Each structure stands twice: as structure tokens, then as C-alpha cells.
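Okay, here's the structure, questions in a sec.
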Amino acid sequence: MTTINWLEAWTADDGARRVDELFTRSFDGSPEGVWSAPGRVNLIGEHTDYNAGLCLPTALPHRTYIALRPRDDDQVRLVSAQAEGVWETRLSDVAPGAVQGWGAYVAGVAWALGEAGHKVGGFDAAVDSCVPFGAGLSSSAALEAAVAVALDAVAGLGLVASDAGRAELVDVTRRAENEIAGAPTGGLDQSASLRCREGHALLLDFRPGLNPLESGVPVPFDLETAGLTLLVVDTKAEHSHVDGEYGARRASCEQAAELLGLGSLREIAPTLGGMGIDRALAELEPHDPDGVLRRRVRHVVSEIDRTARFADLVREGRAADVGPFMVASHVSLRDDYEVSCRELDLVVDSAMAAGALGARMTGGGFGGSAIALVRLSDVDAVAQAVAEAFADAGLTAPVFLLAPPSAPAA
Ligand code: ADP
Ligand code: MG
């Protein structure tokens, strides 16, 4: 039998103890407190955020912990169990393009809070995490969100107390990632880590101009009562050119929207008074000899529709019926959007063959993680089948996580 590598989430006490000890070992005295924030997994709605579309993430039980103490000056000193040495900067030196390394995700949050008019000073902090890096489960947003709630507390900002305040922290942490860490992500990750609720998925709508109540709606997602669970498979696959491929997909979407005279591909939707997919594809045909633009558009438009229908089913308490939408999403990402890879396809195929109700790649693609919706009684059999399929194919052993919809940054 092939061994199955499970990555268990730490308990809150365990996470707090780890960062408290790391802080005490690295700096004199004790931290003022400990805060934490989850990684996330996207149930459906992939490559839709930058098309003003919908997506539906949940928070993972796996979290990043931070022990933090404010300073009287504007120095920032950081240690992480996942990085070597002490990372240091002065807050006044933080600016776009000016800071390198993992501390940019942390100092960037303090910088973005300042840009938003909130006064924060220097601090010492220790970080530790059970969210895997670069697995498409958003360790970067977990780190940013943990920092955001810690600084909110020590500076007495009070933003964490309301969903509108949390939505403001989403903007702050996204600016930190885009402008200081230099990663052009669309806001899905930060929204999930800061605004998801335990036992819920979060229906995010990226149409411009919506208020927080409209842009992020919690949808009860009670898997346990339905006898189900969400299995996450970190494929450990890393492919080169990921950033270039992501940029190319975004550019195709922008080009198609421009050819159609639309602000975004979302506006094709008939429910928003749009022209509908058939007319959009017909109008693109003369400009699209190889069919690439039309395939990209077909993915985006159909994925937004699938996300809305998936959320409706979940809202009706029919979580067991969403499987076909997951598989359709994967096929669309594989064939029309062309962002899957051998490892992700293998998870989906082997999990479905072993009895999963649905499975799909999650995150941007070209490696990272896939998810499977499985009956509680089938978890071991499905994980076993996936692990064996990887072993048979001579691939690196994948890592498995259980992902009940968990609590946000706190
Ligand atoms: P993902 O968000 O999918 O895990 P990213 O490349 O967006 O992958 O973010 C990973 C980066 O975030 C790491 O390379 C590191 O710079 C930073 N990071 C995340 N968590 C930690 C941590 N616990 N300690 C230090 N750096 C971290
Ligand atoms: Mg990230």
C-alpha cells in the first residue's frame, strides 16, 4: 500500500505556543498577543476575479500564526520558522520596489495601512505556519491577513470588528501584495482569509462599484451534516512560466472584452443585460482565426454561470449535488482555458474513479492543488487511489489536507 501523507492543521493552542516561543527566543520579553489567519481553497470560479466575475472560496483550518509587539520607533524586525535569520526594515523605507524577500508581505501591510490613513508604528514579530507555501492555498494572503489583524489590534483601529472593516483590510492586504511584494493578484485570496466564516463559503462578486455587503456574501456550506468532506491534494508540481501564462490569459480576456466593446467579460451575461455567449463568440470569430480567444471567453462566461449555480445549490442545502459542476469546471480549465497540467488531471481522474462526487483543479493552475468532494466514508479510499496513481506514474508523492470550511483571520 502506498503511504498517504496527511498535513494536519495545528490547534489554535499549538500555533500560539509555537509563535510565542519563537518570539521569546528571538527578541527580549513577551509579545503583546498572538493572531492568526487561514489559507484558502477556491471551490469554484477560477480565473474569474479579473473578469469582474464570481468565485466561491472557503477558509482552511490551516493557519499562519503571528506573535507581535509594537515598538516606540519605526523599526520592523521579523522572524519566521519558515525563513532564515532576522528580516529588518524601517517603515519609512518601505515603498513600491524598495523591499525584497518575505518581509515585504509583512511590512507591505503596515505601509498600506499608512497609505489608507491609519497610523501604525514599528513592531517586532514572529511567524509560523502550517499553510504550505506556493501550493495554491494562499500562504501569502494568510501571512498578510495575520499581520493585518495584529496591527488592527495593537493600533486600536477596530476594523476587524465589522465585515465592512474587514473589507477595508482586504484592500489594504491586496495593495501590500500587489505594490510592495509585487504579485499582481486579484483580491480573492485576501477576501477569503479575512471574510470567510466557519461552516460557510463566501460568494465573491468582483463587479466594480459593489459595497462589501454585495461583494462578499456568506453561504452556509454544511458538509458534515451532509456526510461529506473536502479533500485537498497538494500535487507538489511546480511548472515554469506560470507568471507569463497568467499574464497571457489576462491579456486575452482584456483583448476579447475590447473587441466586444465591453468593460469586462462579465458583461456578456444575459442576466446582466448582456449579448449572451453565442453572439459574443460569433462577433469574435472574424478576429480569432485560431479560436484561442473564443475558448478563453467560453471558459470565463461558463465558469461564472457554474459558480452562480453551484452557490444556489449550496444555499439550498444540496452540497451533494455540486459534483458535476466541479468536473465541468475542471474540463473547461483544462480544454478551453488550458491552465491544467498532468498532475492536476491525474488527481481529478483518479479521485473520480475512486468514488469522489466531484473534483477539480483549484487556484491558478500549472501545478498547485486540486480538490475533491468526497463522502466521509470514502476519504481514505479516494486518498489511497490518488496516492497510488501518482506512485504508478513516477510522480512526487502528493500531500493531503482535510478542509472543513473554517474561521477567518482573528
Ligand atoms: P501561495 O500564496 O500560493 O502559498 P505565494 O508565492 O503567493 O504562494 O506566497 C508564498 C510566499 O509568501 C513565500 O515565498 C514567502 O515569501 C511568503 N510567506 C508565506 N508564508 C510565510 C511564512 N510563514 N514565513 C515566511 N514567509 C512566508
Ligand atoms: Mg499567494
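Counting starts at 1 for both ligands and their atoms, following the listed order. All values derive from a computational prediction rather than experimental measurement.
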Query raised in the report: What is the nearest protein non-hydrogen atom to atom 7 (O) of ligand 1, stated with its residue, atom name and distance?
Result: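 That would be S140 OG, 3.1 Å.
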Is there a polar contact between ligand 1 and T64, counting only N or O atoms under 3.5 Å apart? no
Practice problem: List the steps, then state whether salt bridge (Lys or Arg N to Asp or Glu O under 4.0 Å) holds for E338 with R334. | Solution: CA-CA 5 Å; E338 297 179 276; R334 185 191 66 198; over 6 Å; no
### Nitrogen or oxygen of G134 less than 3.5 angstrom from that of ligand 1
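There is such a contact, yes.
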So the atoms of ligand 1 within less than 4.0 Å of a heavy atom of G136 turn out to be 3 (O)
ask   = If you measure from the Lys or Arg side-chain nitrogens to the Asp or Glu carboxylate oxygens, is any gap between R175 and D171 under 4.0 Å?
value = no
> Without hydrogens or angle criteria, can the side chains of S332 and R306 be said to hold a donor-acceptor pair below 3.5 Å?
Replying inline: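 Yes.
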For this session: Determine, for W10 and R63, whether the Lys NZ or Arg CZ falls below 6.0 Å from the six-membered ring centre while staying within 45 degrees of the axis.
Result: no
Is there a donor in the side chain of Q82 and an acceptor in the side chain of S129, or the other way round, less than 3.5 Å apart?
no
Any carboxylate oxygen within less than 4.0 angstrom of a Lys/Arg side-chain nitrogen, looking at E303 and R360?
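Salt bridge present between E303 and R360.
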Practice prompt. Report yes if some N/O of S139 lies less than 3.5 Å from some N/O of ligand 1; otherwise report no.
Written response: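 S139 vs ligand 1: N/O contact under 3.5 Å present.
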Q.
If the cut-off is 4.0 Å to any non-hydrogen atom of S80, which atoms of ligand 1 fall inside it?
A.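 What qualifies from ligand 1 is 22 (C), 23 (N), 24 (N), 25 (C).
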Looking at W87, Y65, Y105, W102, the heavy atom closest to atom 11 (C) of ligand 1 belongs to Y105
Short version for P132: what comes under 4.0 Å of ligand 1, heavy atoms counted, is backbone
Assess whether side-chain contact (heavy atoms from CB on, under 4.5 Å) is satisfied between R166 and L159, documenting all intermediate values. CA-CA 6 Å; R166 284 173 177 261; L159 294 169; over 6 Å; no
Q) Polar-atom distance check: Q82 versus ligand 1, any N or O pair below 3.5 Å? A) yes
Report task. Please determine, by modelled atom types, if D345 and S340 share a side-chain donor-acceptor pair under 3.5 angstrom. Result ->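 Yes.
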### Query
With a cut-off of 2.8 Å, does any N, O or S atom of S140 fall short of it relative to the Mg ion (ligand 2)?
yes
among protein heavy atoms, the one nearest atom 27 (C) of ligand 1 is F133 CZ, 3.3 Å
As an exercise, identify every atom of ligand 1 less than 4.0 angstrom from a heavy atom of S129.
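In order of number, 23 (N).
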